[in-house]
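Reading through the structure tokens given below for one structure.
Here is how names work: the chains are called A, B, and so on, in the same order as the sequence lines, proteins then strands, and each is numbered from 1.
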There are 2 protein chains.
Amino acid sequence: MKGIRQLAEHLDISIGTVSRALNGKADVNEETRKRVLAAAEEFGYVANQSGRSLRQGTTNVIGLMIESSKETVENSDNFFLGVTGGLQSVLSRHKLDLVMLPCPSDEDPYEYLKRMVARRVVDAMIISATQRIDKRIDLLVKAKIPFVALGRSSSGGGNFTWIDLDFEGVATCAVDRLVAKGHRRIAIAAPSGEINLGYIFVDAYRKALEKHGIAYDPKLVIRVKSSEQGGYQAGDELLRIEDKPTAIILIYELMAIGLYRRLVEAGIVPGRDLAVIGFREEPRAKFLQPTLTCFRMSLPDLGAALAETLLAGMPAYSETYRDGVRNRIWPLELVPAESDAFFLGSKT
Amino acid sequence: MKGIRQLAEHLDISIGTVSRALNGKADVNEETRKRVLAAAEEFGYVANQSGRSLRQGTTNVIGLMIESSKETVENSDNFFLGVTGGLQSVLSRHKLDLVMLPCPSDEDPYEYLKRMVARRVVDAMIISATQRIDKRIDLLVKAKIPFVALGRSSSGGGNFTWIDLDFEGVATCAVDRLVAKGHRRIAIAAPSGEINLGYIFVDAYRKALEKHGIAYDPKLVIRVKSSEQGGYQAGDELLRIEDKPTAIILIYELMAIGLYRRLVEAGIVPGRDLAVIGFREEPRAKFLQPTLTCFRMSLPDLGAALAETLLAGMPAYSETYRDGVRNRIWPLELVPAESDAFFLGSKT
DNA sequence: CTGAAAGCGCTTACAG
DNA sequence: CTGAAAGCGCTTACAG
């Protein structure tokens with residue numbers, strides 16, 4: 001079975017009727033529709049996507065762009081696969097398929113996206129790893145491709161929708177919690193590079209400190225890679241700070257693993273000698289000892305929210321997702337554990 | 001700028017010439033080609049993929065199908081992203097794009113693949129998580145879609161190409177090594193379920209034992225999920241085995257983390273009280289203490305091999321990849337570490 | 001070296 | 001309710 005023509009010939013009706021029957025259009029005789037569906041099933045006929053796309057001007061495919069830098073590869077691991085399920089749960093309701101578009105590490109993400117957009121392989125895009133200044137956003141705005149960004153950005157002149165994690169909430173909660181336990185020298189491990197969350201996180205940390213009357217000390221902001229290795233390095237730098245901090249807040253989930261390693265080497269026990277608060281709860285980090293205080297979120301729910309927000313911005317679906325409000329700050333919930341359990345007062 | 005027609009109009013030449021210039025065909029005046037390329041660049045024109053695909057009968061897209069079961073989501077993490085880079089390094093030489101196709105967890109992988117294949121969204125497929133009996137393989141063989149399977153299978157009547165990890169080699173090497181250190185009660189943690197590697201691994205383990213004159217004891221084969229949780233459970237079951245094993249071989253990289261956790265709870269130190277050999281070296285497992293003896297492989301190289309094997313099976317590229325031989329067993333290299341460092345003889 | 005024309009597989013006004 | 005026909009954007013024999 002090749003195409004609709006063969007199927008129509010076999011049924012001895014016109015291809016127009018076959019198409020209408022298959023696409024669930026009204027005004028098709030029930031009897032005819034049944035015959036068509038049965039024959040399609042029998043021969044395994046499914047409309048060629050290129051033909052459909054060309055005619056309809058729409059691919060019914062949504063793209064999730066993924067950076068495949070070495071850093072991403074080593075780390076974001078289950079994050080995207082986790083989000084994927086939630087995305088699909090919403091997209092499948094509209095017969096939209098999700099494809100992940102991994103940007104080759106040797107290709108500029110901007111050029112890659114430009115190419116994908118120009119080729120019209122997808123109807124809409126979800127981009128991640130948003131930068132503070134992100135040309136991709138300007139590109140998508142200009143190309144009038146519906147998209148949603150996972151992460152805020154200064155680019156695009158505000159003419160786009162994003163969902164971002166509640167870094168302010170996390171930073172504030174972490175600082176509040178540590179201060180309540182008697183800490184005043186609180187370090188923070190933030191990502192090097194231009195990723196926007198670094199700025200937001202450090203800002204919120206600073207404000208939270210000020211709220212408690214604690215002076216902001218730039219020496220306590222440790223810039224490292226968002227990886228386990230970065231965590232290890234953060235531990236290293238932490239140990240070198242004079243007037244040693246009594247607590248550290250991590251911005252990236254896997255940093256905890258590297259940090260623990262470095263601390264163990266130095267004979268420092270998290271939750272006894274140093275308070276550690278991790279970022280996102282992560283299957284791997286769950287196995288740390290002592291258990292890590294961190295923040296929980298639902299990746300599938302985030303995926304579903306991304307999909308709804310995206311569809312709200314697509315004319316064909318906006319009706320259904322009126323309240324797929326524009327920008328959203330995605331909350332995380334504290335999961336208290338052992339790594340910051342001690343009170344500083346009772347120890348000093 | 002919409003399409004090739006507008007671009008041609010602007011240049012005041014025919015669309016045929018524009019197309020030929022853009023596609024690098026010979027027989028185009030150099031001057032003309034330059035003008036066309038410049039104008040395309042200026043207006044950001046890239047050929048609409050649906051139009052091309054329809055005309056050429058080829059999408060220039062290769063699909064990597066990914067199962068997004070909960071288990072996969074929690075575990076295979078960086079595996080696919082790691083392979084992706086290598087795949088692209090080869091595919092990009094031929095202007096082929098890679099898309100990852102995540103099968104929704106509530107959809108049958110077979111139906112999903114069938115749909116993708118029928119819609120002709122990709123020219124060829126890479127499938128993973130191959131089952132012992134895998135209907136997807138029969139489907140692809142029947143549909144005459146070029147594909148390569150990451151993992152052996154009994155399906156497809158041998159009419160397909162696969163690359164698989166050298167489970168035999170790993171099992172044999174692990175057993176040899178442990179026996180050489182004096183172990184005779186060697187347990188193995190194998191995956192529950194129908195995934196093919198489980199069978200292969202246990203078989204090789206059995207043969208290796210027999211080679212050393214050690215009787216195979218089914219009680220030493222612990223069936224658990226391929227996850228950290230599975231590793232924890234494996235530890236649990238290990239402790240309950242009477243006539244306790246002195247060593248355990250793990251088949252899945254992340255099992256080590258859960259196993260360690262359970263051992264620590266029981267006061268057992270890997271590398272002192274129990275020899276542990278892990279499977280694939282994994283960024284996370286690298287941070288275990290004591291360090292884990294395991295096996296190393298290059299994900300990018302594996303990706304490149306997959307791509308070459310795939311292209312060897314596609315008529316349009318087979319010339320270039322003549323020696324993209326058919327099936328391959330992918331070697332892993334032992335990385336000795338602390339977790340199995342002791343000699344049993346010297347301790348008992 | 002270039003242009004005019006056919007046609008890839010589909011969907012959808014338009015007639016009837 | 002159905003059929004005939006146009007046309008989505010491209011590439012590629014075919015003429016010249």
Problem set entry | Between A/Q49 and A/S53, a side-chain donor and acceptor under 3.5 Å | yes
Short side-chain N/O contact from [X] to OP1 or OP2 of [N], under 4.0 Å:
{"X": "A/T17", "N": "D/dG3", "value": "yes"}
{"X": "A/Y45", "N": "C/dC10", "value": "yes"}
{"X": "A/Q56", "N": "C/dT12", "value": "yes"}

Seminar exercise, completed: Per-residue pairing states of DNA chain C in dot-bracket (Watson-Crick or G-U under 3.5 Å; . unpaired, | other strand) read |||.||||||||.|||
Between [X] ([atom1]) and [N] ([atom2]), how many Å, whole number?
{"X": "B/L54", "N": "C/dT11", "atom1": "CG", "atom2": "P", "value": "12 Å"}
{"X": "A/E9", "N": "C/dC10", "atom1": "CD", "atom2": "P", "value": "13 Å"}
{"X": "A/D12", "N": "D/dA4", "atom1": "CG", "atom2": "P", "value": "11 Å"}
{"X": "A/I13", "N": "C/dT11", "atom1": "CD1", "atom2": "C1'", "value": "15 Å"}

Problem set entry | Interface residues of residues 20-38 of chain A with DNA chain C (non-hydrogen, below 4.0 angstrom) | A/R20, A/N23, A/K25
Residue pairs passing the salt bridge (charged side-chain N to carboxylate O under 4.0 Å, His left out) test where at least one lies in [range], sequence neighbours excluded:
{"range": "residues 117-132 of chain B", "result": "A/D97-B/R119"}
{"range": "residues 137-146 of chain A", "result": "none"}
{"range": "residues 145-154 of chain B", "result": "B/R152-B/D164, B/R152-B/E168"}
{"range": "residues 39-52 of chain A", "result": "none"}

Exercise. In chain order, what residues pass the side-chain hydrogen bond (donor to acceptor under 3.5 Å, both in side chains) check against A/T130, with sequence neighbours excluded?
Worked result: none
Problem set entry | side-chain hydrogen bond (donor to acceptor under 3.5 Å, both in side chains) involving A/E31 - partner list, sequence neighbours excluded | none
Exercise. Taking NZ, NE, NH1 and NH2 as the nitrogens, is one of them in A/R136 or A/E111 under 4.0 Å from a carboxylate oxygen of the other?
Worked result: no
Might you list the N or O atoms of the protein lying below 3.5 Å from N or O atoms in nucleotides 5-7 of chain C, with each pair's distance?
none

Exercise. ring-ring contact (aromatic ring centres under 6.0 Å, His included) with A/Y317: which residues, sequence neighbours excluded?
Worked result: A/H94
Problem set entry | Where at least one partner belongs to residues 16-40 of chain A, residue pairs that pass ring-ring contact (aromatic ring centres under 6.0 Å, His included), sequence neighbours excluded | none
Exercise. So which pairs with a foot in residues 124-149 of chain B pass ring-ring contact (aromatic ring centres under 6.0 Å, His included), sequence neighbours left out?
Worked result: B/F147-B/F160
Exercise. Which part of the nucleic acid does A/S19 contact within heavy-atom distance under 4.0 Å: base, sugar-phosphate only, or nothing?
Worked result: base
